K.L.:
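Starting off with a structure, shown below.
Fair warning: this is a prediction, and the values are worked out from it, not measured in the lab. Positions are given from 1, in the same order as the sequence printed here.
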Amino acid sequence: MPKSLTPPAVLVVEDEPLLRLAAIDLIEMAGYEAIPAADATEAVKILEARNDIRVVMTDVDMPRGVDGMRLAAIIRDRWPPIKIIIVSGHVDDPGDLIPAETIFFSKPYREEQIIETIHSMMGA
């Protein structure tokens, strides 16, 4: 069976437009499809509509009452195979507050670390 020509998908959940664009550029340069979401509500709608998302990269601080930690818990409950990266400029180390098999990076993160983590999560 031939491999799909569509690159694996990464959902980027970030409310700050410039940071979201920077993360999308980073993920696309690494060879993945980047799908943007401005908040957790939009992210859940996208996850409900698509079955090709393998990694979610989310910020902690987001509007509308559902932060990145809660989003990660929702993803872990509803879509257990999806890998999760949480980033924050305000939290140094969330410790046990993040779901199992979730990776955390403080902002500003090193782009190489994000790429290496996504490659690892994708099994590349």
K.L.:
Count I, L, V, M, F, W, Y as connected when their side-chain heavy atoms are under 4.5 Å apart, and connections chain through other members. Are Tyr109 and Ile24 then in the same cluster?
P.N.:
yes

K.L.:
Under the 3.5 angstrom rule, does the side chain of Ser120 hit a backbone N or O of Glu116 as a donor-acceptor pair?
P.N.:
no

K.L.:
Give me the atom names and distance for the closest heavy-atom approach of Tyr32 to Pro7.
P.N.:
CA-CB, 4.0 Å

K.L.:
When rounded to the nearest 0.5 angstrom, what is the spacing between CG in Leu11 and CD1 in Ile53?
P.N.:
4.5 Å

K.L.:
What are the two closest non-hydrogen atoms of Ala9 and Arg50, and how far apart are they?
P.N.:
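Here Ala9 and Arg50 meet closest at CB-NH2, 4.3 Å.
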
K.L.:
Quick one: closest heavy-atom pair of Val44 and Ile74, and the distance?
P.N.:
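Here Val44 and Ile74 meet closest at CG2-CG2, 4.3 Å.
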
K.L.:
Once you round to the nearest 0.5 Å, how far does CZ of Arg20 lie from CG of Asp59?
P.N.:
11.0 Å

K.L.:
Should the pair Arg54-Glu33 be classified as a salt bridge under the 4.0 Å nitrogen-to-oxygen rule?
P.N.:
no

K.L.:
Going from CG on Asp25 to CD on Glu111, what distance comes out if it is rounded to the nearest 0.5 angstrom?
P.N.:
9.0 Å

K.L.:
Look up atom CG in Asp15 and atom CG in Asp39, then write down how far apart they are to the nearest 0.5 Å.
P.N.:
8.0 Å

K.L.:
So which atom in Ala34 and which in Val12 form the shortest heavy-atom distance, rounded to 0.1 Å?
P.N.:
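Minimum heavy-atom contact is CB-CG2, 4.5 Å.
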
K.L.:
In the structure I gave you, are the side-chain heavy atoms of Ile85 and Val56 within less than 4.5 Å of one another anywhere?
P.N.:
no

K.L.:
Test side-chain contact (heavy atoms from CB on, under 4.5 Å) on Ile86 and Met57 and set out the steps.
P.N.:
CA-CA 6 Å; Ile86 296 177; Met57 180 176 164; over 6 Å; no

K.L.:
Between Phe104 and Val87, is there a side-chain heavy-atom distance shorter than 4.5 Å?
P.N.:
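They are not in contact (no side-chain heavy atoms under 4.5 Å apart), so the answer is no.
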
K.L.:
Please name the pair of heavy atoms, one in Met121 and one in Ile103, separated by the smallest distance, quoted to 0.1 Å.
P.N.:
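Minimum heavy-atom contact is CE-CG1, 3.5 Å.
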
K.L.:
Working to the nearest 0.5 angstrom, can you tell me the gap between Gln113 CD and Ile118 CD1?
P.N.:
12.0 Å

K.L.:
Can you name the nearest heavy-atom pair linking Ala40 to Val13, along with the distance?
P.N.:
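Smallest heavy-atom distance, with atoms named: N-CG1, 4.1 Å.
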
K.L.:
Can you tell me how far the NZ atom of Lys83 sits from the CE atom of Met122, to the nearest 0.5 Å?
P.N.:
11.0 Å

K.L.:
Please lay out, stage by stage, how Leu26 and Ile114 fare under the test side-chain contact (heavy atoms from CB on, under 4.5 Å).
P.N.:
CA-CA 9 Å; Leu26 174 66; Ile114 298 292; 3.9 Å; yes

K.L.:
Any side chain to side chain donor-acceptor pair (under 3.5 Å) pairs touching residues 66-82, not counting sequence neighbours?
P.N.:
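For residues 66-82, and leaving out neighbouring residues, the side chain to side chain donor-acceptor pair (under 3.5 Å) pairs sorted by first residue read Glu48-Arg78.
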
K.L.:
Would you find a donor on one side and an acceptor on the other, under 3.5 Å apart, between the side chain of Glu14 and the backbone of Glu16?
P.N.:
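At least one qualifying donor-acceptor pair exists.
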
